[in-house]
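The block underneath contains the structure these notes are about, expressed in structure tokens.
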Amino acid sequence: MKFQKYGKLIPKILDKEVEIQPIDFALKSPIKRLNYLLGLIKEKNPGVFSKYVKNLEMKYQSLVSEDILSDIDFNLEEYLTDFDILKEYLELAKYNLIYFLQILQLSKNDDWIKEEVKVLQKNYLRSFLIPKYYNLQTLTETISRIEAIQLYKINVTKFINDNLSPNRKTFDSMVEFKEYFERDKKEITIGWIGILSEVENGKFYFRKDNCLWAEALTDLPDNELKYMVCCYGDFQAAATRGSNSNFILTMEQTIVEGDPYCDCIYHDTNIDWDSTHPPKEFWDDLDSRV
């Protein structure tokens, strides 16, 4: 099997600026995800729902350094009409939003309600990852850790399945996906580097040698929770890449958990159901095979 390097390392990429519309992004990401998680907990474990809401509100209150919504004309309730749970728990929604805005480190001159603003790439990544981390951490403090992580896994899987974009790219073959993967790392998801294989027996191997998400979260201590918010969704997302849900992902090492790389294989189960994952020695040796 032949291997080649992919991507281009961009120095200090997390310090570069990106443009976002904060309120629009908050509604599509942290607020939407929190509302979904609350709905799942209310359905699957209603006995702890009220306690979790209270604990989470206290968590976000403790994280917020300043109530930046108190001195401006901003009616949060108007933005929550599509969120059945959070519109009933306005204080939780408010502190979740304030913390999201706080992470972005917006300028006081930014019109973040109506306009797009420039933020550091690092803060952009942190703004949607860290709230998920604290949502899960608070769940582990409300019920047992094992139970909380299992419930969160269900949440991730269901959220991905229930929010598939009708415009998402799907592929009839692993060769098509591999070609897309290469283009993506050259033109869109830049700054990520690693080694990839040709497709053989319906399998596409790639080793990720850096992770911008992990780099953005080095201050968070719990690697298991970081894995859940950064990596676990990749397994379900893999199934959405195959046009007939025939792709699966295997991965045993991740940078976010402290490993030197992420070892990934996409398998086309229409061709081969053998999902055997090579040992660490195989991945360590890839540099010599490029």
Side-chain angles (χ1 to χ4, degrees), residues 25-41 43-44 96 100 103 121 124-140 145-171 174 177 180-181 184-185 188-189 191-192 194 204 206-208 210-217 220 222-259 261-269 275 277:
F25 184 61
L27 297 175
K28 290 179 178 177
S29 188
I31 287 179
K32 181 176 183 177
R33 288 177 180 275
L34 175 55
N35 190 80
Y36 193 93
L37 175 61
L38 291 172
L40 184 76
I41 293 171
E43 174 192 346
K44 299 291 186 181
N96 177 266
F100 162 79
I103 294 172
Q121 171 90 327
Y124 164 70
L125 295 177
R126 288 171 65 84
S127 74
F128 67 84
L129 292 172
I130 293 182
K132 292 197 293 180
Y133 177 92
Y134 284 121
N135 293 345
L136 176 53
Q137 183 191 71
T138 303
L139 190 57
T140 68
R145 186 179 180 95
I146 292 175
E147 193 179 4
I149 289 176
Q150 182 59 36
L151 189 58
Y152 196 80
K153 286 180 177 180
I154 296 171
N155 172 72
V156 171
T157 298
K158 286 178 63 64
F159 182 87
I160 290 173
N161 286 341
D162 289 347
N163 291 277
L164 293 175
S165 168
N167 300 318
R168 75 186 189 280
K169 293 181 180 296
T170 59
F171 305 92
M174 194 61 71
F177 173 69
Y180 164 80
F181 182 94
D184 177 72
K185 296 301 178 285
I188 302 173
T189 315
W192 299 70
F204 168 43
F206 58 100
R207 193 183 78 184
K208 299 179 184 178
N210 72 335
C211 175
L212 301 185
W213 290 19
E215 289 178 39
L217 300 180
L220 297 181
D222 194 318
N223 285 349
E224 184 179 23
L225 300 192
K226 288 195 288 186
Y227 168 82
M228 289 305 306
V229 303
C230 291
C231 311
Y232 185 75
D234 291 350
F235 295 99
Q236 185 60 36
T240 71
R241 289 300 193 183
S243 57
N244 296 306
S245 300
N246 52 304
F247 290 0
I248 62 170
L249 169 71
T250 57
M251 177 173 61
E252 296 182 356
Q253 300 182 79
T254 67
I255 295 170
V256 80
E257 293 177 289
D259 296 309
Y261 49 73
C262 303
D263 56 346
C264 310
I265 308 175
Y266 269 80
H267 309 256
D268 184 345
T269 59
S275 60
H277 201 86

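- Between the OG1 atom of T170 and the CZ atom of F177 there is a distance of 11.5 Å, given to the nearest 0.5 Å.
- For the pair Q137/D222, no side-chain contact is recorded, criterion being any heavy-atom separation below 4.5 Å from C-beta on.
- Residue L151 holds its CG atom at 8.5 Å from NZ of K44, rounded to the nearest 0.5 Å.
- T250 approaches H277 most closely through the heavy-atom pair OG1-ND1, 2.8 Å.
- Taken from NZ in K153 to CZ in F235, the straight-line distance is 9.0 Å, to the nearest 0.5 Å.
- The two residues P131 and R126 make their nearest non-hydrogen contact at CD-O, 3.6 Å.
- Considering only heavy atoms from C-beta on, K32 stays 4.5 Å or farther from N35 through its side chain.
- Put simply, the side chain of Q236 does not reach to within 4.5 Å of the side chain of V156, judged on heavy atoms.
- Between Y36 and K158, the closest side-chain pair of non-hydrogen atoms falls below 4.5 Å.
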Is there a side-chain contact (heavy atoms from CB on, under 4.5 Å) between L220 and Y134? Walk through the geometry before answering.
CA-CA 10 Å; L220 297 181; Y134 284 121; 4.0 Å; yes
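- Atoms NZ and SG, on K208 and C264 in that order, are 4.5 Å from each other to the nearest 0.5 Å.
- What you find for S275 and I248 is that their closest heavy atoms are CB-CD1, 3.9 Å.
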Starting from the C-alpha separation in whole Å, work towards a yes-or-no answer on side-chain contact (heavy atoms from CB on, under 4.5 Å) for L129 and W213.
CA-CA 8 Å; L129 292 172; W213 290 19; 3.6 Å; yes
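- N210 contributes a side-chain N or O that, together with a main-chain N or O of G191, makes up a donor-acceptor pair within less than 3.5 Å.
- Rounding to the nearest 0.5 angstrom, the gap separating the CD1 atom in I146 from the OG1 atom in T140 is 12.0 Å.
- A tilted orientation is assigned to the rings of F25 and Y124, their planes being inclined by 30° to 60°.
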Run the side-chain donor-acceptor check on residues 227-234: report pairs under 3.5 Å with partners two or more places apart or on a different chain.
none

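- Closest approach of L249 to A238, counting heavy atoms only: CB-CB, 3.7 Å.
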Give the C-alpha distance, both sets of side-chain angles, the deciding distance and a yes or no for side-chain contact (heavy atoms from CB on, under 4.5 Å) between L125 and F128.
CA-CA 6 Å; L125 295 177; F128 67 84; 3.9 Å; yes
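- The environment of CD1 in I188 is crowded: more than 12 heavy-atom neighbours from other residues, nucleotides or ligands sit within 6.0 Å.
- Nearest heavy atom pair, residue G258 against residue N223, reads N-ND2, 4.5 Å.
- Shown here for N161 and L164, the closest heavy-atom pair between the two residues is O-CG, 3.7 Å.
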Taking it one step at a time, do N246 and M174 satisfy side-chain contact (heavy atoms from CB on, under 4.5 Å)?
CA-CA 10 Å; N246 52 304; M174 194 61 71; over 6 Å; no
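- Listed by chain and number, the residues in a side chain to side chain contact (heavy atoms under 4.5 Å, CB included) with K169 are F171, Y180, R241 (sequence neighbours excluded).
- Rounded to the nearest 0.5 Å, atoms CG (N155) and CD1 (I149) are 13.0 Å apart.
- Remark: F181 pairs with Y6, F204, F206 by the ring-ring contact (aromatic ring centres under 6.0 Å, His included) rule, at least two apart or across chains.
- Residues T269 and F247 fail the side-chain proximity criterion, which asks for heavy atoms closer than 4.5 Å.
- The closest side-chain heavy-atom distance from R33 to N135 is not below 4.5 Å.
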